[in-house]
**Q** 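Sharing a structure here in structure tokens format.
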Amino acid sequence: MAISFYNTLGKTKEPFQALVPGQVRMYNCGPTVYSYAHLGNFASFILPDLLRRYLEYSGLQVLQIMNITDVGHLTDDDQADARGEDKLEKKAREEKKNPWEIARFYEDAFHEDRRILNLTPAHHYPRATEHIVEMIEIIQELLSKGLAYEAGDQVYFEIDRFPKYGLLSGNPVEELIAGKRIEEDPQKHNPLDFCLWKKDPWHIMQWDSPWGRGFPGWHIECSAMSRKYLGRVFDLHTGGEDNIFPHHECEIAQSSGGDDTICSRYWLHRRHILVDGKKMSKSLGNFYTIRDLIAKGFCGAEIRFGLLGAHYRSQYNFTFAGLGAIRESLRRLREFWRNMDGLPSSREDEAKAEVQALEARAGAADREFRAALDDDLNISAGLAEVFNFVRDAYKLAKTSPGGRVAREQLLSWDRVLGVVEHSLKPPPAGLGPLEASGPPLALAEGTLLEAGIEEWLKKRDQARQAKNFKEADRIRDLLKEKGIVIKDTPQGTKWFRNP
RNA sequence: GGCGGCAUAGCCAAGUGGCUAAGGCAACGGUUUGCAAAACCGUCAUCCCCGGUUCGAAUCCGGGUGCCGCCUCCA
């Protein structure tokens with residue numbers, strides 16, 4: 001079965017072939033660290049996470065690089081030009097810190113949120129500010145090849161030297177020029193030429209360069225870092241759909257180095273999400289950070305499942321009602337996990353037929369699961385197979401050996417989904433104030449038993465034996481008030497911190 | 001103005017020419033349970049509208065209507 005992805009470059013679904021068979025090199029546009037990353041940011045970061053997990057599930061090796069943009073893009077960038085105020089500078093002024101402190105603080109926050117959402121860590125998170133030298137090298141190369149020129153206080157890329165400009169976004173160059181959005185700039189050879197370096201000795205973050213002290217243009221960092229860690233041509237590049245133009249268009253142009261080579265063979269873009277049916281944006285102020293949702297009582301696994309369960313090319317409409325439905329469906333998987341563990345024990349040889357039936361069903365379901373994900377990460381179809389398996393496994397598994405097979409299959413899929421185990425684990429340590437607000441996370445069975453609960457259960461059991469159900473129900477209600485939910489099963493009474 | 005996406009049950013959502021239109025949430029009836037919980041069985045859509053192509057269309061083509069995105073900082 002071939003894996004295929006929808007390639008923005010070409011606007012069609014294409015079979016995926018790694019340049020080096022079995023080894024995938026992937027670059028992801030990461031966060032700009034001048035504030036807490038919001039739900040939309042993580043929607044786009046979960047795309048590379050799913051890609052990484054699924055490619056590895058398919059037996060491929062993945063080298064993943066996600067950049068950290070810690071040099072301020074400008075608040076008022078105009079057609080890839082360098083104007084306006086630096087975002088980090090603005091934030092630094094607001095918080096009365098220097099921009100480096102701001103960047104490190106929000107970079108740390110990004111990693112905390114990333115862990116809450118159980119995103120697989122990339123192999124490197126290179127920072128833009130630590131690759132200024134590499135950026136300067138590329139600009140020099142472009143200048144020496146006549147693909148860039150110095151004019152006034154800026155170095156520009158000359159887009160007339162790159163015929164493929166506009167290929168990724170589908171924007172005809174003439175149309176872009178005809179648009180009124182480009183301000184006339186007599187310094188430029190072509191209105192679409194974009195900034196590679198800006199001389200500005202007053203800028204708050206500045207570096208030496210052959211063109212004077214200043215700062216880099218806002219596309220060059222990705223060219224520099226992808227080339228350094230992945231080489232001139234690599235396999236996958238991801239980002240939000242807003243990156244298509246101008247960011248990735250410019251990146252392709254400047255990375256080409258004078259020939260027609262396009263730095264990444266596949267470009268995958270995450271469609272923007274909506275919140276309550278409206279565009280989520282900072283200017284509208286209707287955005288949620290991960291922290292906001294945690295504070296409202298949702299856990300990382302639920303948020304993750306919501307973002308993951310929506311296909312990356314569809315417009316996911318985030319609502320709290322929807323997240324509630326996600327919570328319930330995740331509960332079903334979690335219950336399955338628990339119920340398969342609580343089956344009556346049996347010897348392996350006695351349960352041979354049951355085990356074989358489950359293995360057969362699991363094998364078939366996994367083939368369907370893979371077929372679905374192979375098709376441009378069709379997660380909805382993949383999840384349908386997971387739930388179909390859950391339903392059938394409930395019918396087939398009667399004893400512990402069968403339950404073990406069912407759990408193993410769910411666990412296997414969870415390597416891709418990353419939600420079941422994650423929702424059973426207590427929150428990771430070291431998260432500061434976030435730790436306190438991570439419900440509903442289950443207690444691992446058999447651990448963290450609070451003093452008294454076992455006694456109450458014993459008491460309730462005695463009451464039930466004596467058919468004193470009034471007393472038994474009273475104890476159940478009492479525990480429920482404390483957030484402990486009880487289930488009577490043929491294997492005895494079980495309790496959970498959350499259902 | 002240029003480029004692009006979407007419209008499937010109460011809600012979310014897969015399916016792009018042909019088996020009974022996946023799956024999840026919610027709801028309802030039943031089995032089970034001391035009662036619950038969980039589980040199980042069952043019920044719940046002909047696919048925005050009009051026209052066309054075809055033996056056959058949710059799926060292709062044309063025309064409507066509605067919603068949304070990019071082209072400007074934004075994932």
Side-chain angles (χ1 to χ4, degrees), chain A residues 8 11 28-32 37-47 73-81 84-85 87 166 169-172 174-176 178-183 218 238-247 249 269-274 277-284 287 305-306 309-317 319 321-333 335-336 338-339 342 368 372 375 378-388 390-391 394-395 463-464 467-470 472-473 476-477 480 485-490 493-494 496 499:
Chain A
T8 307
K11 293 183 175 53
N28 316 123
C29 277
T32 303
H38 55 71
L39 200 56
N41 296 120
F42 280 102
S44 96
F45 302 149
I46 206 151
L47 168 60
H73 291 162
L74 303 178
T75 53
D76 204 20
D77 282 329
D78 177 59
Q79 199 67 38
D81 207 340
E85 189 179 14
K87 285 177 205 156
S169 62
N171 288 327
E174 315 77 59
E175 289 297 337
L176 286 170
K180 300 169 197 161
R181 297 176 184 275
I182 304 166
E183 254 180 71
W218 69 282
T238 71
E241 63 172 336
D242 58 292
N243 286 145
I244 296 171
F245 188 90
H247 183 56
E249 197 80 79
H269 291 96
R270 168 74 198 221
R271 190 105 199 253
H272 278 358
I273 67 168
L274 302 176
K278 285 186 199 145
K279 180 188 173 178
M280 170 163 157
S281 75
K282 286 177 186 173
S283 50
L284 289 178
F287 70 92
F305 207 28
H311 185 83
Y312 75 96
R313 284 195 293 118
S314 75
Q315 198 169 41
Y316 173 55
N317 183 19
T319 62
L323 196 52
I326 296 293
R327 165 175 286 181
E328 293 310 314
S329 69
L330 181 54
R331 193 200 299 271
R332 180 167 163 84
L333 295 182
E335 281 295 341
F336 177 70
R338 285 175 177 148
N339 288 336
E368 294 295 321
D375 182 14
N378 187 341
I379 191 76
S380 300
L383 284 172
E385 289 309 320
V386 171
F387 283 102
N388 280 333
V390 166
R391 183 194 59 221
Y394 267 125
K395 292 176 199 167
R464 289 178 72 213
K467 306 251 184 235
N468 184 357
F469 298 120
K470 208 172 168 183
D473 291 349
R476 182 166 64 195
D477 291 343
K480 195 175 179 181
V485 174
I486 282 172
K487 292 178 190 176
D488 297 319
T489 76
T493 299
K494 294 188 170 190
F496 305 96

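Note that the structure is predicted; figures quoted are calculated from it, not measured. Letters A, B, ... are given to chains in the order of the sequence lines, protein chains preceding strands, and every chain is numbered from 1.
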**Q** What integer number of Å spans the P atoms of B/C3 and B/C11?
**A**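 My reading of the P atoms in B/C3 and B/C11 gives 34 Å.
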
**Q** Indicate yes or no for a side-chain donor-acceptor contact from A/Glu241 to the backbone of A/His272 under 3.5 Å, with no hydrogens or angles considered.
**A**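 The answer is yes, because a donor-acceptor pair under 3.5 Å joins these two groups.
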
**Q** Provide, to the nearest angstrom, the distance between the NZ atom belonging to A/Lys494 and the P atom belonging to B/A39.
**A**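 In whole Å, B/A39 P lies 14 Å from A/Lys494 NZ.
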
**Q** With the side chain of A/Gln315 defined as its heavy atoms from C-beta on, choose the nearest nucleotide among B/A37, B/A75, B/G69.
**A**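 Out of B/A37, B/A75, B/G69, the nucleotide with an atom closest to A/Gln315's side chain is B/G69.
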
**Q** What is the distance, to the nearest angstrom, from the NE2 atom on A/His311 to the P atom on B/U16?
**A**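 For the pair A/His311 NE2 and B/U16 P, the rounded distance is 13 Å.
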
**Q** Less than 3.5 Å between a donor and an acceptor, one on the side chain of A/Asp473 and one on the base of B/G34, is that the case here?
**A**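 Check passes, donor-acceptor contact within cut-off.
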
**Q** Go ahead and name the base partner of B/U32; Watson-Crick or wobble counts if both distances stay under 3.5 Å, otherwise write none.
**A**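 Its partner: none found.
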
**Q** Give each protein N/O atom lying under 3.5 Å from an N/O atom of nucleotides 65-67 of chain B, with the pair distance.
**A**
none

**Q** Quick one: on RNA chain B, does A/Arg476 or A/Arg270 contact a more 5' nucleotide (nearest heavy atom)?
**A**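 Per heavy-atom nearest nucleotide, the more 5' residue is A/Arg476.
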
**Q** Using the C1' atom on both, measure B/A57 against B/U16 and round to a whole Å.
**A**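 That atom pair is separated by 10 Å.
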
**Q** Which listed nucleotide (B/A38, B/A75, B/C40) is nearest to the side chain of A/Ala43?
**A**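 Ranking B/A38, B/A75, B/C40 by closest atom to the A/Ala43 side chain puts B/A75 first.
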
**Q** Can you name the closest pair of heavy atoms from A/Gly306 and A/Tyr316 and give their distance?
**A**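 Looks like O-CZ, 3.7 Å.
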
**Q** Without decimals, in angstroms, what is the distance between A/Asn317 CG and B/C68 P?
**A**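 So the two atoms are 11 Å apart, to the nearest Å.
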
**Q** Tell which nucleotide pairs with B/U43, taking only Watson-Crick or G-U wobble pairs whose two distances are both under 3.5 angstrom.
**A**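 By the stated definition (distances under 3.5 Å), B/A27 pairs with B/U43.
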
**Q** Using a cut-off of strictly less than 4.0 Å, decide whether A/Lys279 has a side-chain nitrogen or oxygen near OP1 or OP2 of B/C74.
**A**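 Looking at the OP1 and OP2 atoms of B/C74, neither is under 4.0 Å from any side-chain N or O of A/Lys279.
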
**Q** In Watson-Crick or G-U wobble terms, both distances under 3.5 Å, what is the partner of B/A9?
**A**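 Looking at the geometry, B/A9 pairs with no nucleotide.
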
**Q** Tell me the closest heavy-atom pair linking A/Asp488 and A/Arg476, and the distance in Å.
**A**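 Answer, listing the atom of A/Asp488 first, then A/Arg476: OD2-NH1, 4.4 Å.
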
**Q** Please classify the nucleic acid contact of A/Leu47 as base, sugar-phosphate, or nothing, using heavy-atom distances under 4.0 Å.
**A**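 A/Leu47: no heavy atom of the nucleic acid under 4.0 Å.
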
**Q** B/U20 pairs with which nucleotide, Watson-Crick or G-U wobble, both distances below 3.5 Å?
**A**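 Its partner: none found.
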
**Q** Can you tell me how far CZ of A/Arg270 sits from CZ of A/Phe42, rounded to the nearest 0.5 angstrom?
**A**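 Taking CZ in A/Phe42 and CZ in A/Arg270, the distance rounds to 13.0 Å.
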
**Q** Heavy atoms only, 4.0 Å cut-off, all strands: where does A/Gly322 land among base, sugar-phosphate and nothing?
**A**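 Answer is nothing: A/Gly322 stays at 4.0 Å or more from every strand.
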
**Q** If I pick the C1' atom on B/C70 and the same atom on B/A75, what distance separates them, to the nearest angstrom?
**A**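 After rounding to an integer number of Å, I get 13 Å for this pair.
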
**Q** Return the NZ to CD distance between A/Lys487 and A/Glu335, rounded to the nearest 0.5 Å.
**A**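 Output value for this atom pair is 2.5 Å.
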
**Q** Are A/Asn171 and B/C70 close enough that a side-chain N or O sits under 4.0 Å from OP1 or OP2?
**A**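 Result: no.
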
**Q** With a 3.5 angstrom cut-off on both distances, give the Watson-Crick or G-U wobble partner of B/C48, or none if there isn't one.
**A**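 Partner of B/C48: B/G64.
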
**Q** Taking OH from A/Tyr316 and P from B/C12, how many angstroms apart are they, rounded to a whole number?
**A**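 Value for this atom pair: 11 Å.
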
**Q** Pick the P atom in B/A21 and in B/U59, then give their distance to the nearest Å.
**A**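 The answer is 15 Å between these two P atoms.
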
**Q** Measure across A/Cys29 and A/Phe45 and return the closest heavy-atom pair with its distance rounded to 0.1 Å.
**A**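 Closest approach of A/Cys29 to A/Phe45, heavy atoms only: O-CE2, 3.4 Å.
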
**Q** Rounded to whole Å, please give me the gap between CH2 in A/Trp218 and C1' in B/A75.
**A**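 That distance rounds to 12 Å.
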
**Q** Please report the distance separating the P of B/A58 from the corresponding atom of B/A7, rounded so that it comes out in whole Å.
**A**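 Nearest-Å result for B/A58 against B/A7 at atom P: 15 Å.
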
**Q** What is the minimum heavy-atom distance between A/Arg338 and A/Lys494, and which atoms define it?
**A**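 For A/Arg338 and A/Lys494, the tightest heavy-atom pair comes out as O-NZ, 4.3 Å.
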
**Q** Quick one: which of B/C71, B/A39, B/G69 gets closest to the side chain of A/Asn339?
**A**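 When the side chain of A/Asn339 is considered, B/A39 is the closest of B/C71, B/A39, B/G69.
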
**Q** Could you state the atom-to-atom distance from OH of A/Tyr394 to P of B/C41 in whole Å?
**A**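 So the OH-P distance, A/Tyr394 to B/C41, works out to 12 Å.
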
**Q** Describe, in one word, how the ring planes of A/Phe336 and A/Tyr394 are oriented to each other, choosing from parallel (under 30°), tilted (30 to 60°) and perpendicular (over 60°).
**A**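 Plane angle over 60°, so perpendicular.
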
**Q** On RNA chain B, does the nearest nucleotide to A/Ser314 precede the nearest nucleotide to A/Lys467 from the 5' side, or the other way round? Give the residue.
**A**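 Mapping each residue to its closest nucleotide by heavy atoms, the 5'-most match is A/Ser314.
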
**Q** Reading nucleotides 21-33 of chain B from the 5' end, what letters show protein touch, with B for base, S for backbone sugar-phosphate only, - for no heavy atom under 4.0 Å?
**A** -BSSSS-------

**Q** Using the P atom as the point on both nucleotides, what is the distance between B/C28 and B/C61, in whole Å?
**A**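 These two P atoms come out 43 Å apart once rounded.
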
**Q** Please round to the nearest 0.5 Å and tell me the distance separating atom OG of A/Ser314 and atom CD1 of A/Ile273.
**A**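 A/Ser314 OG to A/Ile273 CD1: 11.0 Å, rounded to 0.5 Å.
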
**Q** Please name the nucleotide paired to B/G69 by Watson-Crick or G-U wobble geometry with both distances under 3.5 Å, or report none.
**A**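 Result: B/C3.
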
**Q** What are the two closest heavy atoms between A/Phe305 and A/Ser329, and how far apart are they?
**A**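 So the minimum-distance heavy-atom pair works out to CE2-OG, 3.6 Å.
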
**Q** Nearest whole Å is fine: how far is B/G4 C1' from A/Ile244 CD1?
**A**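 In whole Å, B/G4 C1' lies 9 Å from A/Ile244 CD1.
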
**Q** Rounded to the nearest Å, what distance is computed from the CZ atom of residue A/Arg271 to the C1' atom of nucleotide B/C6?
**A**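 One finds 7 Å between C1' of B/C6 and CZ of A/Arg271, rounded.
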
**Q** Would you classify A/Ser169 as touching base, sugar-phosphate or nothing, given that sugar-phosphate means primed atoms plus P, OP1 and OP2, and contacts are heavy atoms under 4.0 Å?
**A**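 Result for A/Ser169 = sugar-phosphate.
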
**Q** For B/G69 versus B/A9, give the span between their C1' atoms, rounded off to a whole number of Å.
**A**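 So the two C1' atoms sit 27 Å from each other.
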
**Q** Could you check whether atom NZ of A/Lys11 has more than 12 heavy atoms from other residues, nucleotides or ligands sitting under 6.0 Å from it?
**A**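 Yes, the 6.0 Å shell around NZ holds more than 12 heavy atoms from other groups.
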
**Q** Would a distance-only check, ignoring hydrogens and angles, find a side-chain to backbone donor-acceptor pair under 3.5 Å from A/Asp375 to A/Asn378?
**A**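 Checked: no pair found.
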
**Q** With rounding to the closest Å, how many angstrom separate the P atoms on B/U43 and B/C60?
**A**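 These two P atoms come out 31 Å apart once rounded.
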
**Q** Is there a Watson-Crick or G-U wobble partner for B/U53 with both distances under 3.5 Å, and if so, which one is it?
**A**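 Because no pair has both required distances under 3.5 Å, B/U53 counts as unpaired.
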
